Amino acid sequence: QTATMIECFLSEECDAFLPPALVRVLLPPLIAVQANAADLDFISGSMPLIRLRLIDSLQMKPQKPRKASYEGARSHGLLKERWLEKHVEEIPAVYAFLVDVVDAEGVIVVDQAIQKISDFKRIERPRTSRLAVVAVIRGVAPEDLDNILYSFRSKAEIDARCFGTLILSGATAQRRAERTQTMLLELSSTSYDEQAKRSRLVCETLSRATQAELIIRHSFKIAFNIEQTREISAACKQYATTYAELWDLVYGGGSFPVASWRHPHFRAFAELVNYKICGLLLAANNYRDAHAQLRRHLSACASL
């Protein structure tokens with residue numbers, strides 16, 4: 001019986017009833033790069049674990065001022081419209097700047113690179129997005145390349161954790177690309193951790209009696225950002241917390257009438273969280289708990 005329900009849950013026949021693809025598939029982190037088309041193609045081919053977009057293709061919107069306090073704040077729905085789409089497809093975790101350190105003729109161009117980096121550091125970006133610099137070696141790599149890169153990083157005041165190297169040709173090209181990819185993935189995780197931390201701090205300031213909807217919204221954001229770091233067990237636990245808080249809101253009274261639960265927005269949010277929990281449990285091969293969660297959700301919805 002469990003296997004049958006799981007097959008139905010994943011069947012293509014019920015695809016139309018499932019959340020959008022951006023919810024079902026955990027995509028690689030989004031990295032915005034300032035580079036030319038040829039370099040972008042090279043990175044895409046050598047770094048398969050990240051998604052890339054040119055910075056110029058992003059629609060940068062002015063940041064909203066940070067709220068000094070959430071006292072008296074109320075939500076309009078449990079999740080803002082296009083929130084998932086915006087955070088999956090439009091807001092990069094990292095802004096990476098590719099800068100030539102050794103040009104195609106083998107000439108070292110460190111001074112010009114430092115000035116470009118200074119301008120790049122002032123780029124407008126989301127508060128939690130990280131900056132990275134990738135030094136590009138176009139010609140034959142000098143024998144003292146590591147010393148050149150160390151000197152360059154020191155003069156440009158770049159943290160070693162935010163610095164990578166790309167060699168466009170040679171025996172060490174792929175190894176350098178893999179190291180740079182690892183650096184970008186680690187920075188991405190740092191960005192997601194920062195976003196989760198911000199939501200936790202917001203939750204601590206909210207009142208459960210009058211701001212339960214906002215608590216649920218930020219609880220979901222915490223789970224979403226943990227999931228982006230690939231911490232499946234912790235993300236599943238946080239989604240389960242969000243799901244429990246949702247039902248406490250429905251049956252606990254307070255500022256949220258039970259009648260509002262029948263509104264499509266709230267029903268869709270519950271379906272989304274339930275899907276996330278079941279999907280993560282299945283990813284961990286925990287079929288028994290996934291089956292129990294699905295049955296529990298169907299029973300709870302049927303009682304309304």
Side-chain angles (χ1 to χ4, degrees), residues 2 5 9 17-20 23-24 26 67 69-84 86-87 192-229 231-284 286-304:
T2 300
M5 290 194 69
F9 185 72
F17 301 97
L18 296 178
V23 174
R24 284 181 274 162
L26 183 55
K67 291 185 178 180
S69 170
Y70 279 82
E71 184 178 358
R74 300 297 298 272
S75 69
H76 300 283
L78 294 170
L79 199 62
K80 290 183 179 180
E81 185 180 3
R82 293 189 69 253
W83 187 89
L84 279 170
K86 182 174 68 172
H87 282 76
Y192 295 130
D193 286 340
E194 178 65 21
Q195 294 179 60
K197 179 181 178 181
R198 287 174 180 265
S199 289
R200 286 194 181 94
L201 292 175
V202 171
C203 284
E204 292 174 359
T205 66
L206 298 174
S207 166
R208 290 191 174 275
T210 59
Q211 297 174 304
E213 300 98 316
L214 273 176
I215 291 176
I216 292 173
R217 173 185 292 181
H218 284 278
S219 179
F220 178 86
K221 290 181 179 181
I222 294 169
F224 174 84
N225 284 300
I226 293 175
E227 184 185 9
Q228 304 310 303
T229 66
E231 297 180 26
I232 301 303
S233 178
C236 188
K237 183 177 180 180
Q238 184 62 42
Y239 278 124
T241 298
T242 304
Y243 189 80
E245 289 174 339
L246 181 64
W247 285 103
D248 288 344
L249 178 64
V250 173
Y251 290 117
S255 62
F256 187 88
V258 175
S260 297
W261 167 248
R262 296 183 174 87
H263 191 282
H265 174 84
F266 299 100
R267 296 294 293 265
F269 182 81
E271 296 290 349
L272 169 62
V273 179
N274 173 68
Y275 183 90
K276 282 290 191 182
I277 296 171
C278 291
L280 292 176
L281 289 171
L282 290 174
N286 194 340
Y287 297 102
R288 184 183 298 276
D289 286 352
H291 171 256
Q293 169 62 29
L294 182 58
R295 292 294 297 268
R296 182 163 53 246
H297 178 69
L298 293 175
S299 175
C301 291
S303 66
L304 292 176

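This one's a predicted model, so the numbers in the text were calculated from it and none came from an experiment.
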Heavy-atom side-chain proximity of [X] to [Y] below 4.5 angstrom:
| X | Y | answer |
| --- | --- | --- |
| R217 | W83 | no |
| Q195 | H87 | yes |
| Q228 | L26 | yes |

Measure across [X] and [Y] and return the closest heavy-atom pair with its distance rounded to 0.1 Å.
| X | Y | result |
| --- | --- | --- |
| C278 | A290 | SG-O, 3.8 Å |
| E213 | T210 | OE1-O, 4.3 Å |
| L246 | I216 | CA-CD1, 3.6 Å |
| I222 | C203 | CD1-SG, 4.4 Å |
| Q293 | I277 | CG-CG2, 3.7 Å |

Please identify each residue that fulfils side chain to side chain donor-acceptor pair (under 3.5 Å) with S219, with sequence neighbours left out.
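Testing S219 for side chain to side chain donor-acceptor pair (under 3.5 Å), a comparison that skips the adjacent residues, returns Q238, T242, E245.
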Counterpart residues, side-chain contact (heavy atoms from CB on, under 4.5 Å), relative to E231 (two or more places apart):
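Partners of E231 by the side-chain contact (heavy atoms from CB on, under 4.5 Å) criterion, ordered by chain and then number, come out as I226, T229, A234.
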Which residues share a ring-ring contact (aromatic ring centres under 6.0 Å, His included) with Y239, sequence neighbours left out
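For Y239 the ring-ring contact (aromatic ring centres under 6.0 Å, His included) partners, ignoring immediate neighbours, are F220.
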Do the side chain of T205 and the main chain of V202 share a donor and acceptor less than 3.5 angstrom apart?
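Yes, because the side chain of T205 sits within donor-acceptor range (under 3.5 Å) of the backbone of V202.
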How many angstroms lie between atom [atom1] of [X] and atom [atom2] of [Y], to the nearest 0.5 angstrom?
| X | Y | atom1 | atom2 | result |
| --- | --- | --- | --- | --- |
| Y243 | K276 | OH | NZ | 16.0 Å |
| K221 | N225 | NZ | CG | 9.0 Å |
| I215 | S207 | CD1 | OG | 7.0 Å |

Begin from the C-alpha positions of H291 and L294 and carry the test side chain to side chain contact (heavy atoms under 4.5 Å, CB included) through to its verdict.
CA-CA 5 Å; H291 171 256; L294 182 58; 5.9 Å; no
Salt bridge between E194 and R198, side-chain N to carboxylate O under 4.0 Å?
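Counted as a salt bridge, because a side-chain N and a carboxylate O are separated by less than 4.0 Å.
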